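Predicted model, so just to flag it, every value in this text is computed and none were measured.
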Amino acid sequence: MTGATAAPTPRGAAVGRGIGIGLMYGLFRPRVLGAWRVPAAGPVILAVNHAHNLDGPMLMGTAPRPVHFLIKKEAFVGPLDPFLRGIGQLKVDRTTVDRTAITQALGVLADGGALGIFPEGTRGEGDFASLRAGLAYFAVRGGAPIVPVAVLGSTEGRGRLIPALPPLRSRVDVVFGDAFLAGDGSGRRTRKALDEATARIQSELTAHLRNARRLTGRL
């Protein structure tokens, strides 16, 4: 496969992780809590809140494993297109049922990789208040545990040199929660089963975010 349909590779994601480590630790002061909760091997979904464009790169640079993120197609413009593909990221069209992205994401899980998802679908308050059903589908269909992740501090303050980013060398907290299974164990993918899984996911993610804020003092 080549071009627009090329599958993401573990090697590409590993390169992306290396770049993320260099940039995130070079520009900011990440404090990572609970990284040991991410399974060392096998398929896993990292579900992260999304309040700032920095959240994805921050997770890529602080997660203990390389991450393949589902990223909106609008980000794949100009030289960013081949770059993002080259580091193992997945382009998704949020306006339709993107079968290519779905196939690639399930392929990542089938190969025992880590899939990164913004459950809220788009940048917002970052409080998991509104979840899309996509996360539940991937979790149930891929049989993968979900690890909730809270990125805190990315929206607190603006840098003088680059206003769109937090101040350089500021602290950003990344808190990993306990892995859990979204499905009921039956493997069912009916509308009712996915709705129940989505409700379960929202409850787990919201509780984790609340605990992460308490743990870091960012109430």
Inter- and intrachain pairs under ring-ring contact (aromatic ring centres under 6.0 Å, His included), touching residues 69-113, at least two apart: Phe69-Phe118

Would a single hydrophobic cluster contain both Val149 and Val32, if residues Ile, Leu, Val, Met, Phe, Trp and Tyr are joined by side-chain heavy-atom contacts under 4.5 Å? yes

Side-chain contact test, heavy atoms from C-beta onward, threshold under 4.5 Å: evaluate it for Asp98 versus Lys73 and give yes or no. no

Hey, could you give me the CZ/NZ distance between Arg85 and Lys91, rounded to the nearest 0.5 Å? 4.5 Å

List the steps and the verdict of side-chain contact (heavy atoms from CB on, under 4.5 Å) for Asn49 and Val151. CA-CA 7 Å; Asn49 61 324; Val151 177; 4.0 Å; yes

Please tell me if the side chains of Gln104 and Pro8 come closer than 4.5 Å, counting only heavy atoms from C-beta onward. yes

Side-chain cluster (under 4.5 Å, hydrophobic types only) that Trp36 belongs to, other residues: none

With side-chain contact (heavy atoms from CB on, under 4.5 Å) as the test, would you mind laying out the steps for Phe28 and Met58 before giving the verdict? CA-CA 9 Å; Phe28 307 103; Met58 183 59 69; 4.0 Å; yes

Side chains of Arg65 and Leu46: does their closest heavy-atom pair fall under 4.5 Å? no

Run the numbers on Ile102 and Val97 for side-chain contact (heavy atoms from CB on, under 4.5 Å), then give the verdict. CA-CA 8 Å; Ile102 291 172; Val97 177; 3.9 Å; yes

Where is the tightest heavy-atom contact between Ile201 and Ala136, given as atom of each residue plus distance? CD1-CA, 3.7 Å

Who are the side chain to side chain contact (heavy atoms under 4.5 Å, CB included) partners of Ser203, not counting sequence neighbours? none

Full working for side-chain contact (heavy atoms from CB on, under 4.5 Å) between Val140 and Leu194: CA-CA 8 Å; Val140 174; Leu194 291 178; 4.2 Å; yes

Should side-chain heavy atoms under 4.5 Å link Ile, Leu, Val, Met, Phe, Trp and Tyr, which residues sit in the same cluster as Leu215? Leu33, Val175

Sequence neighbours left out, what passes side-chain hydrogen bond (donor to acceptor under 3.5 Å, both in side chains) with Asp178? Give chain and number order. Arg37

Arg94 and Glu74, any side-chain heavy atoms less than 4.5 Å apart: yes

Work out which heavy atom in Arg171 is nearest to a heavy atom in Arg31; give both atom names and the distance. NH2-NH2, 2.9 Å

Correct closest heavy-atom pair for Ala75 and Ile71 would be CB-CG2, 3.8 Å

Quick one: CG on Asp81 to CD on Gln89, what's the gap to the nearest 0.5 Å? 12.5 Å

Side-chain heavy-atom pair Pro39, Val147 within 4.5 angstrom cut-off: yes

Closest contact, heavy atoms only, Val172 versus Ser154: CG1-N, 4.4 Å

side-chain hydrogen bond (donor to acceptor under 3.5 Å, both in side chains) involving Asn211 - partner list, sequence neighbours excluded: Arg214

Which pair of non-hydrogen atoms, one from Pro66 and one from Ala114, has the smallest distance, and what is that distance? O-CB, 3.4 Å

Output every pair passing salt bridge (Lys or Arg N to Asp or Glu O under 4.0 Å) with a member in residues 15-28, not counting sequence neighbours, ordered by first then second residue. none

Contact check, side chains of Leu106 and Arg141, non-hydrogen atoms, under 4.5 Å: yes

If the condition is side-chain hydrogen bond (donor to acceptor under 3.5 Å, both in side chains), which residues does Arg218 pass it with, not counting sequence neighbours? Glu156, Asp173

For the residue pair Arg29 and Ser170, establish whether any side-chain heavy-atom pair is separated by less than 4.5 Å. no

Could you list the donor-acceptor pairs under 3.5 angstrom formed between side-chain atoms of residues 19-27 and any protein atom two or more places apart in sequence or on another chain?
none

Restricting to side chain to side chain contact (heavy atoms under 4.5 Å, CB included), what partner residues turn up for Pro82, sequence neighbours left out? none

Show the nearest heavy-atom pair for residues Val67 and Gly116, with the distance to one decimal. CG1-N, 3.5 Å

For the CG atom of Leu90 and the CG atom of Leu115, what is their distance to the nearest 0.5 Å? 7.0 Å

By side chain to side chain contact (heavy atoms under 4.5 Å, CB included), which residues pair with Ala144, not counting sequence neighbours? Pro43, Ile45, Leu109

Is the number of heavy atoms from other residues, nucleotides or ligands within 6.0 Å of CZ (Arg169) greater than 12? yes

According to side chain to side chain contact (heavy atoms under 4.5 Å, CB included), who are the partners of Thr190, at least two apart in sequence or on a separate chain? Arg188, Lys192, Ala193

Within the 4.5 Å heavy-atom criterion, are Arg213 and Leu152 side-chain neighbours or not? yes

